[in-house]
Structures are given as C-alpha cells and as structure tokens.
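Chain letters run A, B, ... following the sequence lines, proteins first, then strands; residues in each count from 1.
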Number of protein chains: 2
Amino acid sequence: METKKDSTEDKILEAAKNVFVTKGMDGARMQEIADEAGINKALLHYYFRSKERLFEATFGEIIKYAFPKITQIVQTDGPIVTKIEQIIDAYIDLLIKHPFIPGFVMKELNRDPSGLFKIVVKFGLNPKAIFDHIQLAMDRGEIIKMKPQHLAINILSMCIFPFAARPILSFVVFKDDPKALEAFYAERAEIIKKFVIDAIVIRENHIDT
Amino acid sequence: METKKDSTEDKILEAAKNVFVTKGMDGARMQEIADEAGINKALLHYYFRSKERLFEATFGEIIKYAFPKITQIVQTDGPIVTKIEQIIDAYIDLLIKHPFIPGFVMKELNRDPSGLFKIVVKFGLNPKAIFDHIQLAMDRGEIIKMKPQHLAINILSMCIFPFAARPILSFVVFKDDPKALEAFYAERAEIIKKFVIDAIVIRENHIDT
DNA sequence: AAAAAATTTAACCGGATGGTTAAATCTAAT
DNA sequence: ATTAGATTTAACCATCCGGTTAAATTTTTT
C-alpha cells in the first residue's frame, strides 16, 4: 500500500501517520510504529529522535490536508454562491480522500491547542479576510444577512462533522453497511450545496432581519 | 463546585469526569483523579477496582448527556418544523451546559467503537423511527424532499461541530476572546433554526428534485 | 577495496503508571 | 465499647514504554 518513494523516512512517516491517526499521540506506541514501518525501534529513533519530534513531523504532514486553500477560492471574483459551491466541493472531495483527518485533528488540538498558533502562521490562515468577503456579499444583497462566522461554521460543520463522527454514523445510522456509508458521503457535496443555497439566497417571502 | 450528594463515590465520579473529559482515557492518570477527588489512590481502587471500570462508569455518566431524548420530541404530533426547532433548542441548550461532551464522546468512540452497541441498546436509540418520521413529513409535503439521514445529519452537524471544534473556534475564529465565543454559542440555536427552516420549507420557486 | 551510512540485534536504563498490600487510624453504626 | 466499614499512609511490585547504547552486519557511496 506504499505510495511515494519507498525511502525509510517515508515508510516511517506513513506508518506513524497510520498509528497516530488511529491511536492518537497518547495511545500510539513507538514499537508499533516501528513494526508497521517494518523496521526496529532503534532505527526509528535514529531518524526521529523522540516520539515528540516524530509526532510533530507527522502532524505537519497531516495538517496540510486539513485546511485547504479556501482563501484562493474566495479571492476570485464571481458570485459568492459559486464560490461557496466550489469550497464545498473541494472540502468534501478532500475528506473523502482523507476521511480520518477531522477526527485526528480535533482530537489532538483538543489535547494540546498550543500547536494552533504555528498552524495559523504556517498556512497564513486569515479568517477575517473570508468573513469580510462574506459580509460584503451580504451588504451587496447577494445573500441574506447573518454573522459571517455563523454561515462559515454552518458550512464547515456539515462538511466535516459527518467524517469526524464516522463511527457513530457507521454503526448507529448505517448499521454496519459500509456501502451505504460511502454512498452517503458521496452524496454530501450536492446535498450541502443545495441546503446552503436554499438557506441563504434571497427570495420574496424571506423574513430578512 | 459539587452538585449532588457529597459521597465519596460521587466525588470520585465527578473528578473522573473532569480528568477523563480533558485528558481522555489514555491521557488520564489515576493519581490525578485521586488528587482531584481529594482522596488517595488506594481508596480510588477500593471503590472502582480498575481504571477500566472507573472509565466505564464515568463514560456511562457522561453519555447520558450525549443522546438526549429527541425520540420523545419526535413522537409528539404537530408540524415537523416545530419539532425540529424544539430539537435544536434542546440540543444547543444541552451543549452549552456540557460543552466538552462532543469532543470527548467522539474521541473515545473513535478509539474504541465497541461501546456503541451497549449505548444503542441502553438508550433504546432507534434512528430508523426518526428517519421514517421525517420521510413521512416529506411525503406529506411539509418540507422538501431529501434522504432523511442527510437532513438529520445536517442539523446535528451544525449543533455539535462548533462545540467539538471548540479550540479551533476559540483561537482561529475568535482570537482568544472568550466572551465573543460564548456569545456565538448563545446565538447558535436561533441561527440554526432559521437556517434549517429556510433550507427545507417549500416555496414557489423551489426546485424540488 | 575502503569508507561511510544505514540497519539490525539485543540488551539495558529509568521513569511513569496501574495496581496491590498491610498496617494504622478514623468514623459511624450496633 | 465493640465492631465494621471507610480512609490514610507508605511502601512495594510488575509492567509498559520511551529512549539509549554498543557492537555487528548490511548496504551504499566513493
């Protein structure tokens, strides 16, 4: 199941990713990572001196997929509805490819939120720019008015949560029917897009607050 | 900050709740729980023989708040829109009182999904009944049509996710302004209700699929 | 071929941690 | 007052685990 270069470092990072994502930082064992990488513990420390460093390297690899470049999409011109659709498409696409990211990121950021600062600067996250953009579209009358944060979180919630709560969905909603679960995920993009648009486009009988 | 009977067992459960919720099963330390309960480790094992048992007891206590009686609300008669509003109100109310439940539950169910089975039977969770109920309302033309699972998950997502992702919201969106974050949470119920209703009520210019 | 780097083996250290134990002390019920 | 249960103290054990080390072996580079 290897993907890129088969170098030992990559094998380690790949193995670490698997173990850390399923077990978390606390639950992960260096020995298990070594086993999964097909090497021994000594070599593991030979490459990454400590569990801490290995985790940080792995976390960095994973977090890349967590915050896609929505800023890029937002910066283009065109109706905001189109941009929202693009963002939803991009996000769901990403999450279907990396379904375990949300759970992992939320778990670890809850454990130790200190890493958030690095992430924000590293990815140049600028939520304010996005919120301003949304606000502008609202002022222009493109969509109904609400605090931009609420709209953004509403969209992100519907995209991310179903993946973060995958075990619950899997067992409680789709009683151990993996096919049905995958089909559900595949439908999400279209569903969310329609849902959001129906909620925010302005119509005659809209009670605008 | 004690609430109910000040019995030792309650003190332990209260302390265990705090520690387990913040540190998780793996990260929690028996010594820390004993300290937090104001007792010693020996007495801790005197009441709950092992960490495993203590965790299970605590988890049971916590999980009670995770799946509120939406079934009750659903079973009443009246328009489904009203019921949806009641459910959102109930859920947000609950989450504001217990903001750390979502993160904890998702973390632990991800770590060991085996506990889900017990929960489902214990609480008599019957999602199918809910889905059927939604489907019926759709067939009656009360709201637009979509797979009931999507509607339910959309609503739950917008309710739960902002709490599960609290650290991200706190730092990235409301840069260390706790007041703003609390205000945001307080607004959620109204926002979600309006959002959902605007998305699902039938209007003339609705493109019904 | 020689040198350097990568990898293995296997043992070990030390600290943290879950759990136990035995004796002593305190508290509440009989 | 006696007794049983609750609680403390303090030491202890076994295990797990992150990390180290030294030597041997293999692979790669020069």
For nucleotides 4-6 of chain C, tabulate all protein N/O to nucleotide N/O atom pairs closer than 3.5 Å, reporting atom names and distance.
{"unit_1": "dA6(C)", "atom_1": "OP2", "unit_2": "Y46(A)", "atom_2": "OH", "d": "2.9"}

Test item: S170(A) side-chain N/O and R166(A) main-chain N/O as donor-acceptor pair under 3.5 Å: no
For atom NZ of K23(B) and atom P of dT17(C), their distance in whole Å: 10 Å
Sugar-phosphate, base or nothing in reach of A37(A), heavy atoms under 4.0 Å: nothing
Side-chain donor/acceptor of R111(A) to backbone N/O of G24(A), under 3.5 Å: no
Residue-phosphate contact under 4.0 Å: N40(A) side-chain N/O, dT7(C) OP1/OP2: no
Euclidean distance, atom CD of residue E9(A) to atom P of dT7(C) [Å, nearest integer]: 10 Å
Separation of dT15(D) C1' from Q31(A) CD (nearest whole Å): 15 Å
Sugar-phosphate, base or nothing in reach of A28(B), heavy atoms under 4.0 Å: sugar-phosphate
B/S/- contact track for nucleotides 19-30 of chain D, protein heavy atom under 4.0 Å: BBB---------
Check ion pair E14(B)-K11(B) (N to O, under 4.0 angstrom): no
Atom pair distance, as rounded to whole Å: CG in L44(B) and P in dT9(D): 15 Å
Under 3.5 Å: donor-acceptor pair, side chain of K83(A), backbone of V74(A): yes
Rounded distance in Å - CG (D35(A)) to C1' (dT8(C)): 14 Å
CA sep, side-chain torsions, deciding dist, call: E56(B), R53(B), salt bridge (charged side-chain N to carboxylate O under 4.0 Å, His left out): CA-CA 5 Å; E56(B) 274 172 33; R53(B) 290 193 186 205; over 6 Å; no
Gap between atoms CZ and C1', on F48(B) and dG18(C) respectively (whole Å): 16 Å
F117(B) and F171(A) aromatic ring geometry - parallel, tilted or perpendicular at 30°/60° bounds: perpendicular
Under 4.0 angstrom between R29(A) side-chain N/O and dC16(D) OP1 or OP2: no
Ring centres under 6.0 angstrom apart (Y185(B), F163(B)): yes
S157(B)-N154(B) side chain donor-acceptor pair, cut-off 3.5 Å: no
Exceeds 12 heavy-atom contacts within 6.0 angstrom, atom NZ of K175(A): yes
